[in-house]
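What follows is one structure encoded as structure tokens, with my remarks underneath.
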Amino acid sequence: MRFLLLFSRQGKLRLQKWFTPLTEREKKKVIRDMTMLVLARPPRSSNFIQWRDLKVVYKRYASLYFCTGVEENDNELLSLEVLHRYVELLDRYFGNVCELDIIFNFEKAYFILDEFLMGGEVLETSKIAVSVSIEEADTLQETMEEYLSKPAY
């Protein structure tokens, strides 16, 4: 997997994760191309597009498009399953995730993604293991916030 993008039906980028190094200019070009390419597709068309030397795999969930670019020899159905698993993890954390959850809690969306994917490869397949890791991180964050909010004597 080379990149993962989340964007709205209006073409607004909500989340981006790059697994291969690109310049800012190249990233902007890819984002522009992906939003134009995916948003222009009819609703009942295939979720796979050939683009340059990549296969683009995308899926729409509510008002968000989850889009990834994978290598030519990667399995498209497996990539679609990875996108779906990420949505399931977001749903599990936020309770029926919506675009506003991603906008206002983007750091959690990135954290969940980092617990699930590393370097463009699936790091953990178990939803339970990822959820436990996220809960532990939340508990640690709450503990640190309580500790730091106590007055020093």
Side-chain angles (χ1 to χ4, degrees), residues 1-71 74-138 140-142 145:
M1 188 179 292
R2 292 216 192 146
F3 60 83
L4 176 76
L5 303 173
L6 270 69
F7 50 88
S8 69
R9 290 184 298 185
Q10 294 78 31
K12 297 208 189 283
L13 187 65
R14 299 302 183 202
L15 184 138
Q16 60 179 318
K17 186 71 171 182
W18 303 91
F19 301 110
T20 55
L22 293 173
T23 65
E24 286 302 313
R25 185 176 180 177
E26 291 171 321
K27 288 178 184 178
K28 287 179 182 176
K29 172 98 171 92
V30 170
I31 291 167
R32 188 175 58 248
D33 287 354
M34 288 302 102
T35 53
M36 287 176 32
L37 194 64
V38 170
L39 292 175
R41 309 246 319 156
R44 297 276 183 221
S45 58
S46 169
N47 292 50
F48 314 119
I49 306 169
Q50 187 66 38
W51 180 75
R52 295 186 186 172
D53 63 334
L54 296 177
K55 287 188 268 189
V56 175
V57 179
Y58 71 94
K59 180 79 172 142
R60 180 178 163 195
Y61 292 93
S63 65
L64 285 175
Y65 284 92
F66 290 71
C67 176
T68 185
V70 296
E71 301 292 331
D74 285 346
N75 185 333
E76 301 96 340
L77 295 175
L78 186 57
S79 300
L80 205 55
E81 181 60 32
V82 167
L83 293 177
H84 185 70
R85 179 57 54 101
Y86 182 50
V87 171
E88 288 178 329
L89 290 167
L90 291 171
D91 272 344
R92 190 176 196 135
Y93 184 80
F94 292 111
N96 200 13
V97 68
C98 68
E99 188 175 352
L100 291 175
D101 291 324
I102 302 294
I103 292 169
F104 292 115
N105 299 295
F106 65 90
E107 69 283 346
K108 286 296 178 190
Y110 277 111
F111 182 76
I112 293 168
L113 184 61
D114 290 341
E115 287 296 311
F116 175 52
L117 294 175
M118 180 179 283
E121 301 288 332
V122 175
L123 178 65
E124 179 58 65
T125 57
S126 169
K127 287 187 281 190
I128 295 171
V130 173
S131 296
V132 166
S133 177
I134 294 164
E135 288 173 18
E136 288 173 352
D138 281 348
L140 179 61
Q141 182 179 0
E142 289 168 8
E145 286 171 358

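Since this is a predicted model, take the numbers as computed values, not measurements.
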*Is the shortest heavy-atom distance from the side chain of L15 to the side chain of L5 under 4.5 Å?*
no
*Scan side-chain atoms only and decide if D138 and Y93 contain a donor-acceptor pair under the 3.5 Å cut-off.*
yes
_Looking at every heavy atom in both D114 and K17, which two are closest together, and how far apart are they?_
OD1-NZ, 2.9 Å
*Step by step, would you call I103 with K12 a side-chain contact (heavy atoms from CB on, under 4.5 Å)?*
CA-CA 11 Å; I103 292 169; K12 297 208 189 283; over 6 Å; no
*Say you draw a straight line from CG of N96 to CG of L90; how long is it, rounded to the nearest 0.5 Å?*
11.0 Å
*Do side-chain atoms of T68 reach the backbone of F3 as a donor and acceptor pair under 3.5 angstrom?*
yes
*First locate atom OG of S133, then atom CD of E124, and finally report the distance between them rounded to the nearest 0.5 Å.*
9.0 Å
*At their closest point, which heavy atom of F19 faces which heavy atom of M1, and how far apart are they?*
CB-O, 3.3 Å
*Look at the side chain of R92 and the backbone N and O of F94, then say whether any donor-acceptor pair between them is shorter than 3.5 Å.*
no
_Would K29 and E26 count as a salt bridge (charged side-chain N to carboxylate O under 4.0 Å, His left out) here? Give the steps._
CA-CA 5 Å; K29 172 98 171 92; E26 291 171 321; over 6 Å; no
*Please walk me through it: do F66 and L80 pass side-chain contact (heavy atoms from CB on, under 4.5 Å)?*
CA-CA 9 Å; F66 290 71; L80 205 55; over 6 Å; no
*Please report the closest heavy-atom contact between R52 and D33, naming both atoms and the distance.*
NH2-OD2, 3.4 Å
_Heavy-atom side-chain proximity of Y61 to L6 below 4.5 angstrom_ = no
_Tell me whether F106 at atom CZ has more than 12 heavy atoms from other residues, nucleotides or ligands lying less than 6.0 Å away._
no
_Residues E88, R85: salt bridge by 4.0 Å N-O rule_ = yes
*Please report the closest heavy-atom contact between E115 and L123, naming both atoms and the distance.*
O-CD2, 3.7 Å
*Measure the spacing between CZ of R41 and CG of L37 and express it to the nearest 0.5 Å.*
7.0 Å
*Would you say Y58 and M34 make side-chain contact, with heavy atoms under 4.5 Å?*
no
*With side chains defined as the heavy atoms from C-beta onward, is the minimum distance between L39 and F7 less than 4.5 Å?*
yes
*Option among V87, N47, L64 that satisfies the side-chain contact (heavy atoms from CB on, under 4.5 Å) test with K59*: N47
*asked:* Main chain of I31, side chain of T35: is a donor-acceptor contact present, judged purely on distance under 3.5 Å?
replied: yes
*Distance in Å, L77 CG paired with F48 CZ, rounded so as to fall on 0.5 Å steps*: 4.5 Å
*Is the shortest side-chain N to carboxylate O distance from K108 to D101 below 4.0 Å?*
no
*Spacing of CG belonging to L89 relative to OH belonging to Y86, to within rounding of 0.5 Å*: 8.5 Å
*Write down the atom of V97, the atom of D91, and the distance for their closest heavy-atom approach.*
N-OD1, 2.7 Å
*Would you indicate whether L140, at its atom CG, is surrounded by more than 12 heavy atoms from other residues, nucleotides or ligands within a distance under 6.0 Å?*
yes
*Do you know which two heavy atoms are closest between C67 and V38, and how far apart they sit?*
SG-CG2, 4.2 Å
*When rounded to the nearest 0.5 angstrom, what is the spacing between CG in L4 and CD in Q16?*
10.0 Å
